[in-house]
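See below for the structure under consideration.
A, B, ... follow the sequence lines: proteins, then strands. Residue 1 opens every chain.
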Protein chains: 2
Amino acid sequence: MAVVMDTRKGRILNAIIEDYIQTAQPVGSRTLEKKYFPSLSSATIRNEMSDLAELGYLLQPHVSAGRVPSHTALRRFAKDLLNGSFEDVKEEQQTRDYLYARRGQTDDLMPAAAQVLSELTSLTAIVMMPGRREQKISRVQLIALNRGQALLVLVTDSGETSQTVIRVTDRLDSDGLYAISKALTEKLSGQTLGDVRKMLDYYRQSGAEGQVLDGIAALAGRIEKQSAGETVVLGGRHNILNYPEYADITKARDFLSVLEENEQMLSVMRKTSNGFSVLIGDEIGVPGTEDCALISTSFGVAGGHRGTVNIIGPARMPYARVLSTMRLVSGILTELMGGNE
Amino acid sequence: MAVVMDTRKGRILNAIIEDYIQTAQPVGSRTLEKKYFPSLSSATIRNEMSDLAELGYLLQPHVSAGRVPSHTALRRFAKDLLNGSFEDVKEEQQTRDYLYARRGQTDDLMPAAAQVLSELTSLTAIVMMPGRREQKISRVQLIALNRGQALLVLVTDSGETSQTVIRVTDRLDSDGLYAISKALTEKLSGQTLGDVRKMLDYYRQSGAEGQVLDGIAALAGRIEKQSAGETVVLGGRHNILNYPEYADITKARDFLSVLEENEQMLSVMRKTSNGFSVLIGDEIGVPGTEDCALISTSFGVAGGHRGTVNIIGPARMPYARVLSTMRLVSGILTELMGGNE
DNA sequence: TGTTAGCACTCTCGACCGTCGAGTGCTAAT
DNA sequence: ATTAGCACTCGACGGTCGAGAGTGCTAACA
């Protein structure tokens, strides 16, 4: 008679998965009897486990070890969680405040997001920000500091800002700087960052505001480099040291080197569209990640692009916590980057 | 007859140290003969090594392994390097540019410095910034962004800036914001950050610029928290995974946890005054760092305080490279933070 | 027909050798 | 003072063995 999945098998499988996620140890029939099913005997549980193994949900590392949930089983488990409702992340308000404080400062925000994700999940987080369409300058402003220095702030039409300190002549007071700011804004606003560089040569011949122009050029270059190209930020790399599956240092090192700017890995993550993608084991398709799970979701960015938020770690990970944390953070990022969910 | 140090012994000791720093393996007399002293026989070298051991410069992990330089020997070696001239760090210009781009943005600069240090040395870097005297506001400026938002920039009298995005009413154009900025600057400049918060309650009753004031309060709080208290930034934590002395994952973990906000560790680093401090092994005096070397130096900050720059790693580290990299970075930090060397 | 006790069987893990090789220390010769 | 030669020491490595954990199967039972 064909073996079929029934409720009790499901409950036993879930118990095995939970225990295994916690302990990283193969779980045996006696453990299950004591911890989860005192009303059943270990022999009965053994029979069910044998059926589950036949169905492909359990593996045994070797004959006299307990059973380990297969990747198939973990997939089932994670997908089930996806359909259910998400629990709230306790640290929600704190997280929101932390990230909102970095609104508009994309180069601060991405690392902060990666850090929050990795801290809340104890795993490794990867945040990818797509290259955005060419940005235009919407405003240039100089702010007086002391000692002949000024802060140059560049605002783009998508609301991102970037700043740097430059030297200016001592003669300029606050009003003078404001006048220059207005003039520069007038000249430059609406120009793309690329155009600005070309224009600068022309102005530079007038000799007047040399340092200011150099500053703008440098800053424009920086924003360009950072917004035209895709940005990839990692957080919590060394969290994996706490997982017994990486007790072997060479494994840990290999894992880390797979992460660092691995084009194959990035292209997998880029594929994520709305909603969650849960890839376990071979599904990831990147050599060296056979024992990993990669959870991805995306966030919206003004202009219709989408960035992605990713968590990677051992296939045995606290999926519930990971999913809800990621939903929280990607939601906040969408809000902050002015995109649509 | 008493054993004394002579030139040949010195040369042999240096060869042992260099080889050991490279390979992390005990070095034997035959290796020395082949790699460094083909004109001597291994037996002669053995005799010298035996003398060096008697002098306390060499240890043998066990009788049939090679010799390992003792901490005393490493100290001698490092101190010698200190007295000699420093080689230039090849990446000097790059490093300088990288850090200068963050001038005035202390919260960006510290992590950047730690990162540069750790990348150039392949070790772990710790940068400490002392709490500074209470700062005063020297300027407040609002810059229009799109969609009823503005960038609020706060400049302190020491030239540090900090910014955040706030909401403002749509009616305000650039000139309006400038007018408000001037008014706010007039009212607030010269006030300490602490005072500002108190004042805000008074203004808030007038109801006029609620969001702006909230923004200032938040920002003032942030700068305060960050400049009043000492800041500690780590870089390159996971570099240690590449060292065989941390091949055991629990050692690596222990090392990392000693680093994280360890008050004992910090107080050792705070003791650094001008010049370099080289602590090896027990000299550090922090449990768990018995096999480490801690190199510290300081940089000047406006107002006469000093921050510190530290590299920590296995006692066997490339001292020459570490020392010159640290001198470069601490020099740049002094320039950027407006302190005196 | 589902559940359970009992038992033989399998496989890993740690402890316990014995061998091998690297490296030393000593002695005697140069 | 230097060196060749040799005995000696100790860790690394590989193999063997017993203990323990956990399974699969069978037979009894509700």
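- Sequence order on DNA chain D of the closest nucleotides to B:Val63 and B:Ser39 puts B:Ser39 first from the 5' end.
- Under the 3.5 Å distance criterion, the side-chain polar atoms of B:Thr289 are left unmatched by any main-chain donor or acceptor of B:Cys292.
- B:Val286 has its side chain within reach of B:Asn262: a pair of non-hydrogen atoms, C-beta onward, lies under 4.5 Å apart.
- Closest to the side chain of A:Ala43, from the set D:dT3, D:dG11, C:dT4, is C:dT4.
- Atom-to-atom, CG of A:Asp6 to P of C:dT1 comes out at 16 Å; the value is rounded to the nearest Å.
- Between B:Lys251 and B:Ile240, every side-chain heavy-atom pair lies at or beyond the 4.5 Å cut-off.
- A donor and an acceptor atom, one from each side chain of A:Ser296 and A:Asn310, are located under 3.5 Å apart.
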Inset, instruction - Please report the C-alpha distance between B:Leu13 and B:Lys9 in whole Å, then the side-chain angles of each, then the deciding distance to 0.1 Å, and finally whether the side chain to side chain contact (heavy atoms under 4.5 Å, CB included) criterion is met. - result: CA-CA 6 Å; B:Leu13 181 55; B:Lys9 283 193 186 41; over 6 Å; no
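- Phosphate contact (OP1/OP2 of C:dT4, side-chain N/O of A:Thr44, threshold under 4.0 Å): present.
- Rounded to whole Å, atom P of C:dG23 lies 12 Å from atom CD of B:Gln60.
- Under 4.0 angstrom from either OP1 or OP2 of C:dT4 there lies at least one side-chain N or O belonging to A:Ser41.
- No donor-acceptor contact under 3.5 angstrom links the side chains of A:Glu18 and A:Gln22, judged on distance only.
- What separates CG of B:Asp51 from P of D:dT2 is a distance of 11 Å, to the nearest Å.
- Rounding to whole angstrom units, CD1 of residue A:Ile45 and P of D:dA21 are separated by 18 Å.
- As rounded to whole Å, 11 Å separates atom P of D:dT23 from atom CG of A:Asn47.
- Each of A:Ser64 and B:Ser64 lies near DNA chain C, and the nucleotide nearest A:Ser64 is the one positioned closer to the 5' end.
- The aromatic rings of A:Phe86 and A:Phe276 lie parallel to each other, their planes meeting at an angle below 30°, with 60° marking the opposite boundary.
- Within residues 16-36 of chain B, the residues approaching DNA chain C are B:Gly28, B:Ser29, by heavy-atom distance under 4.0 Å.
- If you check C:dG21, C:dT24, D:dT2 against the side chain of B:Arg67, the one that comes closest is C:dT24.
- Rounded to whole Å, atom C1' of D:dT23 lies 16 Å from atom CD of A:Glu48.
- Of the two residues contacting DNA chain D, namely B:Arg46 and A:Met49, the nearest-nucleotide position lying further toward the 5' end is that of B:Arg46.
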